[in-house]
*Asks:* 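Structure in structure tokens, see below.
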Amino acid sequence: MKRLSLHDTLSRERQEIFPSDGEVFRFYCCGPTVYGPAHIGNFRTFLVQDLLRRVVELSGIQTCHVRNITDVDDKTIRESQAAGVSLAEFTAGWTALFHEDAQALNVLQPHVEPGAVHHIPEQVALIEALLAGGNAYRSDDGSVYFRVSSYAPYGRLSRLDRRELKAGAGESANDADEYDKDNVSDFVLWKTRKPADGDNFWDSPWGEGRPGWHLECSAMGMKYLGESFDLHAGGVDLCFPHHENEIAQSEAATGKTFARHWFHNEHLMVDGSKMSKSLGNLYTLADIVERGFGPGELRYALLAGACRTKINFSMARLQEARGNLERLAAFIANLGGALQDYGELCSLAASGRLDAGPFLPVWEALLEDLNTPAALGQLFTALKPLEKAAAAGALKADEMDAARTGLAMIVHAFGWLIPEVAGAGGDSVDIPADITQMAEQRWRAKQDKNWEEADRLRDELAASGWVIKDTSGGYEVERNRA
RNA sequence: GGCGAGGUAGCAAAGUGGUAAUGCGCUGGUUUGCAAAACCGGUAUUCGCGGGUUCGAUUCCCGCCCUCGCCUCCA
């Protein structure tokens, strides 16, 4: 089967993705810092990574997916103290919400989800190796820094060769952390204990303190995936300094290539600028649900844009997602029979018997750098003649099977949550009695050809948020979703 | 200032050295008492601006304008 090819940040070329050991594709994703609810911009990243994993798995390759939880840093410590609870209790709560949201969005749970707090010894060991190799040094206050000048390839990923601060922005960037560094670009591996840390410190050969942020991903990635693994992913903002530093500290310690490929997705924008906690222009999943949309619609909308292109978020996108998902649902209902489940498709793929059938162009678009907009274009192109044939009952059994399997493959690759089609299950929304009554009155007026009264009642229903759809010999009442 | 991404129809968004997918919207038609829904059709001689290369450029090269991101915690 054809392989996925992805744009690699390091080489800036599109490269084929495959497991270096020939068996399991091992990849690491930078996960959330759990100090509040993740916003939908965070989820765009996890959704893109989920898409990546699904495409790899549906092409018949087993994966090992590691995504960390950052459960100790300045923010988690500060916020837990503000909340008056222990760091562990504080991060556990936000981690639980993250899991809930991710599950609602149909994001596959990673195979390993390590937390920094549980991997202090691994991080300490990594620092020891760096100190031994002359890549790190201790400062007078007990912190340990990575010496950037000791790692020649530093800066390859972000192509920021000169670590110069923006003119004029330097003075206020201050940071008490920085005064002990030999060089401004050096970064902290171990932060010495400060009063503000409260109970949150650990023992180390250099005294009490806590690991620097970049360290956890190196230590945990290498622990679960090996010193060298297939791919490392994250949002574009992590390119520098986070990933640059990860590469430096990992490769300086092991002498091996840390990650073979680097995959960065673009940000989600709102009102033309980056969604971020500091700007206050963020939405959480709960905000979306409050506005009457579901996680399935959010998932569709966030994956409809190309992974490496900024997308501007709006309710119109969710509305569009709704329409397209309903169209798919209607077609699937017409096909009859249930779509295969994800596991079943993965086994078929592993044995080389999975076939996208009439949806092959859709699948191929996904294999080309996860080009979801092109894939959607192909999807609707392929769908149109099939919809027509299915509606006319003109599809033969084998054609229906091929369409069902092919579409299942696409649906699972995107991880779409297909809505229940009204009427198919018979369990539609509860319609209030007064609405039913009004609709009935309107129907009788219509039968009497009392158009004026019938239209008046229809308008009244519309004003209450219900829409009448006349069918041959009857009518239906539906919630007005516009 | 340095590095990077991008400017394609009303909106969203692919794409290619040979005259522009797709979704929404809009619009004409079928249907309907009229609508809604559904279905059928139409909807960029043109791809930020100006040059150049070429038989031919939206696609390659040069310059310019604009937007956004990173260079500081950040998905």
Side-chain angles (χ1 to χ4, degrees), chain A residues 9 12 29-33 35 38-49 67 70 73-75 155 158-170 172-175 177-178 184-185 213 233-242 244 264-269 272-279 282 300-302 304-306 308-312 314 316-317 319-324 327 330 361-362 365 368 371-384 387-388 391-392 446 449-452 454-455 458-459 461-462 467-472 475-476 478 480 482:
Chain A
T9 313
R12 292 191 183 183
C29 302
C30 289
T33 301
Y35 68 107
H39 62 240
I40 62 175
N42 298 128
F43 278 115
R44 178 183 185 190
T45 291
F46 303 129
L47 249 12
V48 164
Q49 292 161 353
R67 187 183 62 213
T70 295
D73 77 325
D74 293 340
K75 291 186 288 272
S158 54
R159 317 236 163 175
L160 292 168
D161 291 331
R162 299 176 187 285
R163 318 267 88 234
E164 293 167 357
L165 292 175
K166 179 167 61 175
S172 60
N174 58 55
D175 232 39
D177 280 354
E178 288 191 6
V184 274
S185 41
W213 171 47
V236 273
D237 53 303
L238 296 186
C239 210
F240 181 85
H242 187 54
E244 198 72 76
H264 293 96
N265 59 279
E266 254 298 348
H267 281 302
L268 183 67
M269 319 284 283
S273 60
K274 191 173 97 169
M275 173 182 291
S276 73
K277 280 170 182 157
S278 55
L279 284 176
L282 55 84
Y300 184 102
L302 294 185
R308 291 184 303 103
T309 301
K310 297 177 185 73
I311 57 181
N312 205 10
S314 68
R317 283 177 172 277
Q319 194 62 48
E320 208 175 309
R322 170 170 291 171
N324 289 149
R327 177 174 169 186
V362 188
E368 289 196 19
N371 190 339
T372 53
L376 290 176
Q378 293 294 164
L379 173 67
F380 293 113
T381 303
L383 205 53
K384 199 164 187 174
E387 284 174 321
K388 202 181 286 189
K446 187 182 146 122
K449 299 204 189 297
N450 183 353
W451 310 129
E452 207 173 296
D455 291 351
R458 187 170 61 196
D459 289 346
L461 280 161
V467 62
I468 296 273
K469 290 182 185 175
D470 287 337
T471 59
S472 55
Y475 67 92
E476 284 170 10
E478 276 179 22
N480 184 1

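Each chain gets a letter, A, B and so on, in the order the sequences are listed, and its residues count up from 1.
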*Asks:* Would you say that Thr309(A) contacts Glu266(A) through its side chain, given a criterion of any heavy-atom pair below 4.5 Å between the two side chains?
*Replies:* no

*Asks:* Would you call Asp237(A) and Lys274(A) a salt bridge, taking side-chain N to carboxylate O under 4.0 Å as the test?
*Replies:*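 Judged by the 4.0 Å cut-off on N to carboxylate O distance, Asp237(A) and Lys274(A) do not form a salt bridge.
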
*Asks:* Would you mind checking if Lys469(A) and Glu476(A) are paired as a salt bridge, meaning a charged N to carboxylate O distance below 4.0 Å?
*Replies:*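 Answer for the salt bridge query: no.
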
*Asks:* So, do Thr381(A) and Pro361(A) sit near enough that their side-chain heavy atoms are less than 4.5 Å apart?
*Replies:* no

*Asks:* Using both distances under 3.5 Å as the test, list the Watson-Crick or G-U wobble partner of A38(B), or none.
*Replies:* U30(B)

*Asks:* Starting the side chain at C-beta, find the nucleotide from A13(B), C34(B), C70(B) nearest to Arg317(A).
*Replies:* A13(B)

*Asks:* G48(B) and C66(B): how far apart are their C1' atoms, nearest whole angstrom?
*Replies:* 8 Å

*Asks:* So, do Glu452(A) and Asn450(A) sit near enough that their side-chain heavy atoms are less than 4.5 Å apart?
*Replies:* yes

*Asks:* Sort out the partner of U19(B) for me: Watson-Crick or G-U wobble, both distances under 3.5 Å, none otherwise.
*Replies:*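 None - no nucleotide pairs with U19(B), as no candidate has both distances under 3.5 Å.
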
*Asks:* For the side chain of Phe240(A), counting heavy atoms from C-beta on, which of G4(B), A75(B), C71(B) is nearest?
*Replies:* C71(B)

*Asks:* Atom CD of Glu368(A) to atom C1' of U16(B): distance rounded to whole Å?
*Replies:* 13 Å

*Asks:* Can you tell which of G23(B), A75(B), A13(B) lies closest to the side chain of Glu320(A)?
*Replies:* G23(B)

*Asks:* Answer with base, sugar-phosphate or nothing: what part of the nucleic acid does Gly272(A) contact at a heavy-atom distance below 4.0 Å?
*Replies:* sugar-phosphate

*Asks:* Tell me the partner of C70(B), counting only Watson-Crick (N1-N3 plus N6-O4 or O6-N4) or G-U wobble (N1-O2 and O6-N3) with both under 3.5 Å; none if nothing fits.
*Replies:*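 Answer to the pairing question: G2(B), which forms a Watson-Crick or G-U pair with C70(B).
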
*Asks:* Please pick, from A37(B), A5(B), A75(B), the nucleotide with the shortest atom-to-atom distance to any side-chain atom of Lys310(A).
*Replies:* A5(B)

*Asks:* With a 4.0 Å cut-off on heavy atoms, is Gly235(A) in touch with a base, just the backbone sugar-phosphate, or nothing at all?
*Replies:* sugar-phosphate

*Asks:* What does C49(B) pair with, Watson-Crick or G-U, if both distances are under 3.5 Å?
*Replies:* G63(B)

*Asks:* Which is true for Thr372(A) with a 4.0 Å heavy-atom rule: it touches a base, it touches only sugar-phosphate, or it touches nothing?
*Replies:* nothing

*Asks:* Rounded to the nearest angstrom, tell me the gap between atom NZ in Lys388(A) and atom P in C40(B).
*Replies:*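 Atom NZ in Lys388(A) sits about 5 Å away from atom P in C40(B).
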
*Asks:* Verify the stacking flag for Phe46(A) against A75(B): centroid separation must be under 5.5 angstrom and the ring planes must differ by under 30 degrees.
*Replies:* no

*Asks:* To the nearest angstrom, how far is Arg159(A) atom CZ from G69(B) atom P?
*Replies:* 22 Å

*Asks:* To the nearest Å, how far apart are Lys384(A) NZ and A21(B) C1'?
*Replies:* 13 Å

*Asks:* Over how many whole Å does the gap from Arg44(A) atom CZ to A75(B) atom C1' extend?
*Replies:* 10 Å

